Amino acid sequence: MSKMQPVRGTHDLLPDDYRRFAHVVDTARDVARLYGYREMATPIFEFTELFARGIGETTDVVSKEMYTFKDRGDESLTLRPEYTAGICRAFVSNGELAQQLPLKVFAAGPMFRYERPQKGRQRQFHQIDLEVLGAPEPGADIEVISVAADILDRLTILDRCVLKINSLGDPESRVGYRKVLTDYYSAHVDKLSEDSRNRLARNPLRILDSKDEGDKAINANAPSFSDHLNQASRDFFKSVQDGLTAAGIAFEVDPALVRGLDYYTHTAFEFVTTHLGAQGTVLGGGRYDGLIAELGGPPTAGIGWAGGIERLMMLADEPRPLPRPVVIAPLGAAAEARALGIARGLRKQGIAVEQDYRGNMKRRMQRANKLNARAALIIGDDELAKGVAQLKDLDSGTQREVPFETLAEALKV
RNA sequence: GCGGCCGUAGCUCAGUUGGUUAGAGCGCCAGAUUGUGAUUCUGGAUGUCGCCGGUUCAAAUCCGGUCGGCCGCCCCA
């Protein structure tokens, strides 16, 4: 093509695509509202430090995937790579939110990560996001997962997804397990893959999920997280599982499920599919009880998830077609002028009316067909004189005269 | 960031061992007595063969680079 290409990893959402995009967001918003979540939005860029501190300096997202730049005031800013940090920052910035606990919010918008694009992976992508702040109880975990399941169900993709959950424990359990795991892998470091040797220092938990055959052999005897959860963490995880079962939500416990962002504690979960190539995760999240305190706010529990809109779009059914319009086809200057008022009156009644800017009868009828119009209103000099329009049903081809005054009634669906 | 595949009309794709004005289907546009669409018929335009450079008498075709897409890894949504 020409040089007028979009930036790598970005895409235009043309009208047909946008309808499917909006369908995902609208569906999610509707379901979230049923659970009492309120929509909000935060800025697309924040101070770089927010993400560095919130997500973790050593994570891939922060260390090599952020769009970071200096603005004209020499501030280091970053295009948000995810939503949670921004929402938590907003919670800390806006004291009144601390009086609305538990705060249940829904959000949607673009995210930015400098990654190698593939199907289902773009540099600018979009997420729907759900968060509950100020609820340390497992009931919040259950509810948040339940909202996600309902959204996927309404998008008709739940049956192609599997819910995987795991517990990363509370900080005490996590620190303890991490030590045990690091010791174990350090003893086998010479047999680990290069990737996993790098993971050992950054996030040893991730080695558990390695696809390398040699690593898998070592993993077979690796200490299990479930054996190193303290009693409180164990009870918490049990409650979440029991709640999901009670709610009728199917899940699998996956001990290898580890999320890449540092702030997660306790519950981690992902809805995964095999229908998107290498990009299996459609929606994922977890609990992050320490994040808000880490950002300098009052110690406040948090749990939430994000879902990739583009990935959901690829799986979801086509949204319902738009209501079919009526085309008004005036012939001659006088009729054209009169049609403007008639069309406006019909739209006031909630009827979608399209009026061409130009064209003879044939052209207007062709346009009507192309617009998938259900009916055409033909108004020429004769009709103008009689105060009627020819109402042609474009499916049956039948046509009848209808007085201007009763057009709205004749066109009500 | 690593490894691999690919790039020809708006779309899906043909295009022989390099050879003359680069093709098809769909779609688009225009006509078939100017007040009636979708069907049918006729005609038309599709294009810097992603881009830049090299080899050659000659490049869509071979070579290099670059941009972009896709697949796997990594990572994640």
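Given the structure is predicted, the values throughout are model-derived calculations rather than measurements. So you know, we letter chains A, B, ... as the sequences are listed, proteins then strands, and number each from 1.
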(message) Taking atom types as they are modelled, would you say the side chain of A:R311 forms a donor-acceptor pair with the base of B:rC76 within the 3.5 Å cutoff?
(response) yes
(message) Counting the atoms with a prime plus P, OP1 and OP2 as sugar-phosphate, which does A:G9 contact under 4.0 Å by heavy atoms, base, sugar-phosphate, or nothing?
(response) sugar-phosphate
(message) What is the separation between atom CD on A:E310 and atom P on B:rC70, rounded to the nearest whole Å?
(response) 12 Å
(request) Scan A:Q366 against the nucleic acid and name what it touches under 4.0 Å (heavy atoms): base, sugar-phosphate only, or nothing. (result) sugar-phosphate
(message) Please give the distance between the C1' atoms of B:rU8 and B:rG47 as a whole number of Å.
(response) 8 Å
(message) Of the options B:rG35, B:rC71, B:rA38, whose atoms approach the side-chain atoms of A:E383 most closely?
(response) B:rG35
(request) Could you work out the separation of B:rA22 and B:rA60 based on their C1' atoms and round it to a whole Å? (result) 8 Å
(request) Ignoring the backbone of A:E65, work out which of B:rU36, B:rC71, B:rC75 is nearest its side chain. (result) B:rC75
(request) Measure across A:E65 and A:E115 and return the closest heavy-atom pair with its distance rounded to 0.1 Å. (result) OE2-OE2, 3.4 Å
(request) Describe the nucleic acid contact of A:R364 in one word from base, sugar-phosphate, nothing, applying a heavy-atom distance below 4.0 Å. (result) nothing
(message) For a quick check of understanding: with a heavy-atom distance under 4.0 Å over all strands, which category does A:K64 fall into, base, sugar-phosphate or nothing?
(response) nothing
(message) By the 4.0 Å heavy-atom rule, please label A:L283 as base, sugar-phosphate, or nothing.
(response) sugar-phosphate
(request) Nearest whole angstrom, please: distance from the C1' of B:rG35 to the CG of A:L391. (result) 16 Å
(request) Take the protein atom CZ of A:R121 and the nucleotide atom C1' of B:rG72, then report the distance between them rounded to whole Å. (result) 10 Å
(request) Pick base, sugar-phosphate or nothing for A:E270, based on heavy-atom distances below 4.0 Å to the nucleic acid. (result) nothing
(message) Between A:R206 and B:rC76, is there a contact of a side-chain N or O with OP1 or OP2 at under 4.0 Å?
(response) yes
(message) In whole Å, measure the gap between the P atoms of B:rA14 and B:rG7 for me.
(response) 9 Å
(request) May I ask you to establish whether A:R80 and A:F112 are in a cation-pi arrangement, using a distance under 6.0 Å from NZ or CZ to the six-membered ring centre and at most 45° from the ring axis? (result) no
(message) If I take atom CE in residue A:M66 and atom C1' in nucleotide B:rA77, what distance separates them, rounded to the nearest angstrom?
(response) 17 Å
(message) Students often mix this up, so state it plainly: with edges at 30° and 60°, are the rings of A:F45 and A:F69 parallel, tilted or perpendicular?
(response) perpendicular
(message) Counting Watson-Crick and G-U wobble pairs with both distances under 3.5 Å, what is the dot-bracket string for RNA chain B, 5' to 3', using [ ] for crossing pairs and | for pairs to another strand?
(response) (((((((..((((.....[...)))).(((((.......))))).....(((((..]....))))))))))))....
(request) Keeping the roles fixed (side chain from A:Y184, backbone from A:I218), state whether a donor-acceptor pair exists under 3.5 Å. (result) yes
(message) With rounding to the closest Å, how many angstrom separate the C1' atoms on B:rC62 and B:rU17?
(response) 12 Å
(request) Identify, with sequence neighbours excluded, every residue that meets side chain to side chain donor-acceptor pair (under 3.5 Å) alongside A:D209. (result) none
(request) Round to a whole Å and report the spacing from CE of A:M361 to P of B:rU36. (result) 6 Å
(request) Write down the distance separating the P atoms in B:rC74 and B:rU46, rounded off to the nearest Å. (result) 49 Å
(request) Name the nucleic acid region contacted by A:R113, choosing base, sugar-phosphate or nothing; use a 4.0 angstrom heavy-atom cut-off, strictly under. (result) base
(request) Please determine, for the side chain of A:M365, which listed nucleotide (B:rG35, B:rG37, B:rC73) has the closest atom? (result) B:rG37
(message) Rounding to an integer number of Å, can you tell me how far A:D17 CG sits from B:rG10 P?
(response) 18 Å
(message) Using OP1 and OP2 only, check whether a side-chain N or O of A:K392 sits under 4.0 Å from B:rG37.
(response) no
(message) Considering every strand and a 4.0 Å limit on heavy-atom distances, what is the contact class for A:R199: base, sugar-phosphate, or nothing?
(response) sugar-phosphate
(message) Between A:E39 and A:R29, does any NZ, NE, NH1 or NH2 come within less than 4.0 Å of an OD or OE carboxylate oxygen?
(response) yes
(message) Checking A:D289 against A:Y264: is there a side-chain donor and acceptor pair closer than 3.5 Å?
(response) no
(message) Give me the distance, rounded to whole Å, that separates B:rU61 from B:rG50 when you measure between the P atoms they each carry.
(response) 8 Å
(message) Under 4.0 Å, heavy atoms only, any strand: does A:Q390 hit a base, just the sugar-phosphate, or nothing?
(response) base
(message) Regarding A:N360, tell me which of base, sugar-phosphate or nothing describes its non-hydrogen contacts under 4.0 Å with the strands shown.
(response) nothing
(message) Among B:rU36, B:rC74, B:rG35, which nucleotide has an atom closest to any side-chain atom of A:D60?
(response) B:rC74
(request) Please check if any side-chain donor atom of A:Y357 sits under 3.5 Å from a side-chain acceptor atom of A:E336, or the reverse. (result) no
(request) Provide the distance between the two P atoms, one in B:rG44 and one in B:rU36, to the nearest whole Å. (result) 26 Å
(message) What contact category does A:E194 fall into here, base, sugar-phosphate, or nothing, at under 4.0 angstrom with non-hydrogen atoms?
(response) nothing
(message) Less than 6.0 angstrom separating the ring centers of A:H126 and A:F21, yes or no?
(response) yes
(message) Counting only side-chain heavy atoms from C-beta out, which of B:rC75, B:rC76, B:rA32 sits nearest to A:K362?
(response) B:rA32
(message) For a quick check of understanding: with a heavy-atom distance under 4.0 Å over all strands, which category does A:A306 fall into, base, sugar-phosphate or nothing?
(response) sugar-phosphate
(message) Whether the side chain of A:N166 engages the backbone of A:P255 through a donor-acceptor N/O pair (distance < 3.5 Å, no angle test) should be reported.
(response) yes
(message) Can you say whether a donor on the side chain of A:R116 sits under 3.5 Å from an acceptor on the base of B:rG4, or the other way round?
(response) yes
(request) For A:K370 and for A:D212, find the nucleotide of RNA chain B with the closest heavy atom, then tell me which residue's nucleotide is more 5'. (result) A:K370
